[in-house]
Amino acid sequence: MDVVVFLKQVFDNTRMTVDAQGQIAPSSPKMMNPLDEYALEQALGLKDADPSLKLTVVCASADAGAKEMLKKAIAAGADQAVLITDESVLALDGLSRAKLLSAAVATLAQKALIGPEAQALFLFGNQALDTGAGETGPAFAALKGIASLAQVRDVTLDSENPGCVQAKRADSDGVESHRVALPCVLTAIKGGKELRSSNIKGVMRANKTEIPVWGINDLGLSEAIGALRPIETLPREAKPSGQTLNAASATEAAEAIVQYLASLQAV
């Protein structure tokens, strides 16, 4: 059984800088998408339960510096990593990114870096910090024609049913438990387990691990597949300042509020 986790590199929203035009400075620090960390930790937990599992991490980024993020994943316990880098990745919408990652998985299988796709579990973060769309994982599942389950906060191997995993999914009424047959896609939300820290042995292994870098052509894609192109990014409009209503009593205050609301309605 193979477990493939897809990681996205995003700007660190606690340290990024914005220029006068409201654009994020390209030099702003980047990090692993927070919900992808939870997906990775879920995968590492599965590998703890069955060390024979092969854990692969994949990242598509226009920034070759994403290699450092992948090394962090290997240091934590992943077996191998692949970086797909191309300028077109900057403009990929969720469906186009899913197409790219689908081609990446097919290439991994062709190169025998993973086993048959039919025996694999694919893990995504439920959504990315920068877009918040939450569409890449389900789109990937639709392209592959496999089952998907969103908002998963815990996944375990199903010892009684080989070829299946058990997943707990957050619901508005509580927590649902599911048995899902492989191959399948799960998208992770924030759960009880943060991404584990790396030990010295893991860091040394990560530093020695060669991470292949693939381009669009290596995936059998002759050109960029992005359907959307960003034209302009604008900052949010500033909120108008509040208005103070003075009143000598609660009754006068209520009347003043009613009059103020009525004036807004009239406008």
Side-chain angles (χ1 to χ4, degrees), residues 2-12 24 26 28-40 43 55-74 76 78-111 113-114 117 120-144 146 148 183 185-188 206 209-230:
D2 282 273
V3 181
V4 182
V5 182
F6 300 94
L7 305 178
K8 186 176 184 182
Q9 187 184 47
V10 297
F11 284 109
D12 185 338
I24 299 174
S28 294
K30 296 178 181 178
M31 64 179 184
M32 186 186 302
N33 181 53
L35 290 184
D36 294 353
E37 290 192 3
Y38 286 96
L40 178 57
L55 173 52
T56 303
V57 289
V58 178
C59 175
S61 174
D63 181 4
K67 259 191 178 184
E68 295 304 314
M69 181 187 71
L70 292 176
K71 285 185 177 181
K72 176 182 177 181
I74 292 175
D79 295 301
Q80 60 182 355
V82 172
L83 174 62
I84 303 154
T85 184
D86 189 275
E87 286 299 319
S88 65
V89 175
L90 282 173
L92 293 184
D93 57 285
L95 176 58
S96 299
R97 181 175 288 271
K99 290 179 179 177
L100 181 72
L101 297 178
S102 177
V105 167
T107 304
L108 282 166
Q110 290 168 4
K111 293 179 178 290
L113 294 173
I114 63 172
E117 292 184 44
L121 168 64
F122 304 102
L123 284 167
F124 293 78
N126 197 63
Q127 63 187 45
L129 183 65
D130 52 359
T131 63
E135 59 187 355
T136 303
F140 177 94
L143 290 169
K144 293 292 188 185
I146 60 179
S148 68
V185 169
L186 303 179
T187 66
T209 301
E210 284 293 326
I211 298 178
V213 179
W214 297 345
I216 295 294
N217 293 335
D218 296 311
L219 306 181
L221 302 173
S222 59
E223 58 184 10
I225 57 175
L228 301 181
R229 290 290 182 271

> Between the side chains of Thr209 and Lys71, does any donor sit under 3.5 Å from an acceptor?
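Note: Thr209 and Lys71 side chains miss the donor-acceptor criterion.
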> Between CG of Asp36 and CG of Leu129, what distance do you get to the nearest 0.5 Å?
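Here the interatomic distance stands at 10.0 Å.
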> Checking Asp79 now: which residues fulfil salt bridge (Lys or Arg N to Asp or Glu O under 4.0 Å) with it, not counting sequence neighbours?
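Asp79 satisfies salt bridge (Lys or Arg N to Asp or Glu O under 4.0 Å) with Lys47 once adjacent residues are dropped.
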> Rounded to the nearest 0.5 Å, how far apart are NZ of Lys111 and CD1 of Ile114?
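Rounded to the nearest 0.5 Å, the NZ-CD1 separation comes to 12.5 Å.
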> Can you list everything that forms a ring pair (Phe, Tyr, Trp, His ring centres under 6.0 Å) with Phe140? Sequence neighbours excluded, please.
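Counting only residues at least two positions away or on another chain, Phe140 forms a ring pair (Phe, Tyr, Trp, His ring centres under 6.0 Å) with Phe6, Phe122, Phe124.
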> What residues form a side-chain contact (heavy atoms from CB on, under 4.5 Å) with Ala128, not counting sequence neighbours?
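Residues passing side-chain contact (heavy atoms from CB on, under 4.5 Å) with Ala128: Lys8, Asn33, Asp130, Thr131.
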> side-chain contact (heavy atoms from CB on, under 4.5 Å) with Ala141: which residues, sequence neighbours excluded?
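Partners of Ala141 under the side-chain contact (heavy atoms from CB on, under 4.5 Å) test: Ile146, Ser148, Val185.
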> Could you pull out every donor-acceptor pair under 3.5 Å between side chains of residues 58-65 and any protein atom, sequence neighbours left out?
residue: Ser61; atom: OG; partner: Gln9; partner atom: OE1; Å: 3.3
residue: Ser61; atom: OG; partner: Asp63; partner atom: N; Å: 3.0
residue: Ser61; atom: OG; partner: Asp63; partner atom: O; Å: 3.4
residue: Asp63; atom: OD1; partner: Gly65; partner atom: N; Å: 2.8
residue: Asp63; atom: OD2; partner: Lys30; partner atom: NZ; Å: 3.3

> What is the distance from atom CZ of Arg97 to atom CD1 of Ile84, rounded to the nearest 0.5 Å?
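Those atoms lie 9.5 Å apart.
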> Hey, what do you get for CG (Leu108) to CH2 (Trp214), rounding to the nearest 0.5 Å?
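Interatomic distance, Leu108 CG to Trp214 CH2, rounded to 0.5 Å: 4.0 Å.
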> Looking at every heavy atom in both Ala188 and Leu35, which two are closest together, and how far apart are they?
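What the structure gives for the nearest pair is O-CB, 3.9 Å.
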> Excluding sequence neighbours, so at least two apart, what forms side-chain hydrogen bond (donor to acceptor under 3.5 Å, both in side chains) with Thr85?
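Applying side-chain hydrogen bond (donor to acceptor under 3.5 Å, both in side chains) to Thr85 gives none.
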> Looking only at heavy atoms, what is the nearest atom pair of Leu123 and Ala39, with distance?
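Where Leu123 meets Ala39 most closely, the heavy atoms are CD1-O, 3.6 Å.
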> Distance check, rounded to the nearest 0.5 Å: Glu210 atom CD versus Lys67 atom NZ?
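Separation between the atoms: 6.5 Å.
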> Return the set of residues passing side-chain hydrogen bond (donor to acceptor under 3.5 Å, both in side chains) with Glu135 (not counting sequence neighbours), or none when no residue passes.
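Counting only residues at least two positions away or on another chain, Glu135 forms no side-chain hydrogen bond (donor to acceptor under 3.5 Å, both in side chains).
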> List the steps and the verdict of side-chain contact (heavy atoms from CB on, under 4.5 Å) for Lys72 and Glu37.
CA-CA 11 Å; Lys72 176 182 177 181; Glu37 290 192 3; 3.6 Å; yes
> Could I get the full list of side-chain contact (heavy atoms from CB on, under 4.5 Å) partners for Ala142, not counting sequence neighbours?
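Here no residue qualifies.
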> Testing the basics here: between Val213 and Asp218, what is the closest heavy-atom pair and its distance to 0.1 Å?
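Shortest heavy-atom contact: O-OD2, 4.3 Å.
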> Evaluate the side-chain contact (heavy atoms from CB on, under 4.5 Å) criterion for residues Thr136 and Leu101: first the C-alpha distance (whole Å), next the side-chain angles of each, then the deciding distance (0.1 Å), finally the verdict.
CA-CA 9 Å; Thr136 303; Leu101 297 178; 4.1 Å; yes
> With rounding to the nearest 0.5 Å, note down the distance linking NZ in Lys99 to CG in Leu221.
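Lys99 NZ to Leu221 CG: 10.0 Å, rounded to 0.5 Å.
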> Please list, chain by chain and in numerical order, all residues satisfying side-chain hydrogen bond (donor to acceptor under 3.5 Å, both in side chains) with Thr107, sequence neighbours excluded.
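Thr107 satisfies side-chain hydrogen bond (donor to acceptor under 3.5 Å, both in side chains) with no other residue.
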> Please give me the minimum heavy-atom distance between Ala81 and Ile74, naming the atom from each residue.
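Minimum heavy-atom separation between Ala81 and Ile74: CB-CD1, 3.9 Å.
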> Check Thr187 against Pro138 and note the closest heavy-atom contact, atom names and distance.
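Shortest heavy-atom separation between Thr187 and Pro138 comes out as CG2-CD, 4.4 Å.
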> Search all heavy atoms of Val10 against all heavy atoms of Pro34 and return the closest pair with its distance.
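Nearest heavy atoms, Val10 then Pro34: CG2-CD, 4.4 Å.
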